[in-house]
Amino acid sequence: MHVPDGFLDVPTSVGTAVVAATGVGLALRGARRELDDRTAPLAGLVAAFVFAAQMLNFPVGAGTSGHLLGGALAAVLVGPWTATLSIAVVLLVQGLLFADGGLTALGTNVTLMGLVGVWTGWLVFRTVQGLLPKRVSMVVPAAAVAAFVSVPVAALAFTGLYAVGGQAPIPLGSLATAMLGWHTLIGLGEAAITGLVVSAVVAVRPDLVHGARRVLATRKLVVVRPERDEVAA
Amino acid sequence: MRRVSTRALVVTGVLLTLLLAGVVSFYASSHPDGLNYVAEKVGFSGAAKPHASDGSPLSGYATRGVTDHRLSRGVAGVIGVVVVGLLFTGLTWALRRRRGDEPGGSTSPDAADRERDGSTPVGR
């Protein structure tokens, strides 16, 4: 979903650049609360993984492909603020070194993938997590649903931006329909990859998964009780 | 499943990531992605302007000077993984909360792992 230079007009691109810069500024502060000596090593890996996964376009039919956006995945693994920063760094490197995603569209791409993708993913994740049983294993389906929803929402956000500052006159209805349709399919791939990666990390180190902290804190009470009984006996 | 150390997890993850970018990426679909496909079909792909970094040594995930397509994309992918990984690790390392402010009181992640491995494996 890397927007090239020229799709959106200058005022819209400046607007998204301001939004993106504000978001990244807030994320620089917010990420401090998410990162400590224990979780920082995973964050670099998550950013590198998102870069690698974005090279892996998977076919979605009719000559179209999709790739992981990674916002929901990063948010669940390392927290939404750190996720926003990681996606911004991935997009910066892609734009500067690999000519992927326009440089004047960097703000647009950070807004779509680093803000809309990440925060839609995170909010859906927390909502689904609240509805499911409070178990660590539930982190995986919650992350998959969050990943699925984040892609069409980001596609709709692009449609909205195009409605404001699109450079070529096109019927917006067909743009919305096409974006939503294809990105719903891509969302299925996003959900599959996100579910797979989150389940792998949850299986070996649930304590490092940001989205699992709440349920782990609950589990701790269950574990402590038998120890007290042993002391009494 | 057996609990693994942070180091083992990160090393495994880095190797897997390098494998994906360096080898598997060659087999990725070369069809346009959702946005580019829609742009072609709906009719605004012509609005795209040439990229300022077109013609740069890694432009389009191809390494300039490497004629073998497989190797060209693989090298570009590995460079990208290393650059993104180092940049973001540096950033998070600078931003992270540190354990204790007293001199000599800072604990490395591995020491923290050992510290916790002796106790019940639960999160904080």
Side-chain angles (χ1 to χ4, degrees), chain A residues 1 3-7 28 31-32 35-38 40-45 47-49 51-53 55-59 63-67 82 85-86 89-90 93 96-99 102-103 158 166-168 170 174-175 178-179 182-183 186 203-207 213 216-217 219-220 223, chain B residues 1-4 6 9-10 13-14 17 20-21 24-25 28-35 37-39 41-44 46-49 51-54 56 58-61 76-77 80-81 83-89 91-93 95-99 107-109 112 120-124:
Chain A
M1 194 184 283
V3 178
D5 296 311
F7 274 12
L28 282 169
R32 282 178 194 277
L35 296 163
D36 54 32
D37 287 331
R38 212 164 53 93
L42 190 63
L45 170 59
F49 180 84
F51 173 87
M55 287 182 76
L56 304 174
N57 285 58
F58 48 84
T64 318
S65 71
H67 61 70
T82 309
L85 291 182
S86 70
V89 166
V90 168
V93 171
L96 287 177
L97 294 185
F98 298 93
L103 294 181
F158 170 79
Q167 284 290 58
I170 48 149
S174 28
L175 174 64
M179 283 299 284
W182 287 112
H183 287 92
I186 295 170
V204 293
R205 285 296 297 273
D207 60 308
R213 283 184 183 182
L216 279 174
R219 193 174 76 171
K220 189 173 187 175
V223 175
Chain B
M1 199 179 286
R2 199 173 64 88
R3 181 190 163 83
V4 301
T6 305
L9 176 74
V10 171
V14 167
T17 302
L20 290 177
V24 181
S25 68
S29 167
S30 53
H31 288 307
D33 73 3
L35 174 64
Y37 180 82
V38 170
K41 289 289 159 184
V42 181
F44 60 98
K49 294 197 181 114
H51 198 286
S53 307
D54 275 346
S56 71
L58 296 171
S59 145
Y61 301 91
V81 163
V83 170
V84 169
L86 289 181
L87 262 181
F88 202 61
T89 301
L91 181 65
T92 51
W93 211 248
L95 286 175
R96 80 194 193 282
R97 277 182 290 123
R98 290 163 181 82
R99 267 162 218 269
T107 328
S108 76
T120 323
V122 290
R124 292 181 300 172

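So you know, we letter chains A, B, ... as the sequences are listed, proteins then strands, and number each from 1. Quantities reported herein were computed from a predicted structural model and do not represent experimental measurements.
When the candidates A:Ile170, A:Val93, A:Thr64 are compared by the number of heavy-atom contacts under 4.5 Å with chain B, A:Thr64 comes out ahead. Of the listed residues (A:Phe98, A:Phe58, A:Phe158), the one with the most heavy-atom contacts under 4.5 Å to chain B is A:Phe98. By number of non-hydrogen pairs under 4.5 angstrom with chain B, the leading residue of A:Ser65, A:Gly44, A:Ala53 is A:Ser65. The choice from A:Gly166, A:Ser174, A:Ala40 that makes the most heavy-atom pairs within less than 4.5 Å of chain B is A:Ala40. Counting heavy-atom pairs closer than 4.5 Å to chain A, the top residue among B:Leu95, B:Thr89, B:Val10 is B:Leu95. Listed options A:Gly66, A:Pro59, A:Pro4 were ranked by heavy-atom pairs under 4.5 angstrom with chain B; first place goes to A:Pro59. Ranked by heavy-atom pairs shorter than 4.5 Å toward chain A, the options B:Lys41, B:Arg96, B:His51 are led by B:His51. When each of B:Ala52, B:Gly46, B:Ser30, B:Gly60 is checked for heavy-atom pairs under 4.5 Å with chain A, B:Gly60 comes out on top. The most heavy-atom pairs under 4.5 Å with chain A, out of B:Ser53, B:Ala76, B:Gly80, B:Ser29, come from B:Ser29. Of the listed residues (A:Gly102, A:Ala43, A:Gly63), the one with the most heavy-atom contacts under 4.5 Å to chain B is A:Gly63. Per-residue heavy-atom pair counts under 4.5 Å with chain A were compared for B:Leu86, B:Val14, B:Val38, B:Leu9, and the maximum is reached by B:Val38.
Taking each heavy atom of A:Met1 and A:His67 in turn, the nearest pair found is N-NE2, 3.5 Å. Taking both residues in full, the closest heavy atoms of A:Ala52 and B:Leu20 are given as CB-CB, 4.3 Å, listed atom of the first, atom of the second, then distance. Counting all heavy atoms, side chain and backbone alike, B:Ala28 lies closest to A:Met55 at CB-O, 3.3 Å. When all heavy atoms of A:Ser86 and A:Ala47 are compared, the closest pair comes out as CB-CB, 3.8 Å. The two residues A:Ala99 and B:Asp54 make their nearest non-hydrogen contact at CB-OD1, 3.7 Å. Between B:Leu35 and A:Met179, the shortest heavy-atom distance links the atoms CD1-CE, 3.7 Å.
A distance of 6.5 Å separates CG in A:Asn57 from CG in B:Asp33, rounded to the nearest 0.5 Å. With values rounded to the nearest 0.5 angstrom, B:Leu87 atom CG is found 11.5 Å from A:Phe51 atom CZ. The CG atom of A:Leu35 sits 10.0 Å away from atom CH2 of B:Trp93, with the distance rounded to the nearest 0.5 Å. Between atom OG1 of residue A:Thr82 and atom CZ of residue B:Phe88 there is a gap of 6.0 Å, rounded to the nearest 0.5 Å.
For the residue pair A:Arg38 / B:Thr6, no side-chain donor-acceptor distance below 3.5 Å is found, with atom types taken as modelled.
Heavy atoms closer than 4.5 Å to chain A are found in the side chain of B:Tyr37, but not in its backbone. Heavy atoms of A:Ala31 lying under 4.5 Å from chain B belong exclusively to its side chain. Only the side chain of B:Leu91 comes within contact range of chain A, with at least one heavy atom under 4.5 Å from a heavy atom of that chain. Interface remark: B:Ser56 contributes side-chain atoms only to the contact with chain A (heavy atom separation under 4.5 Å). Contacts of A:Leu85 with chain B are made by both backbone and side-chain atoms, with heavy-atom separations under 4.5 Å. Only the side chain of A:Ile186 comes within less than 4.5 Å of a heavy atom of chain B; its backbone N, CA, C and O stay farther away. With a threshold of 4.5 angstrom between heavy atoms, A:Leu175 approaches chain B through its backbone and through its side chain.
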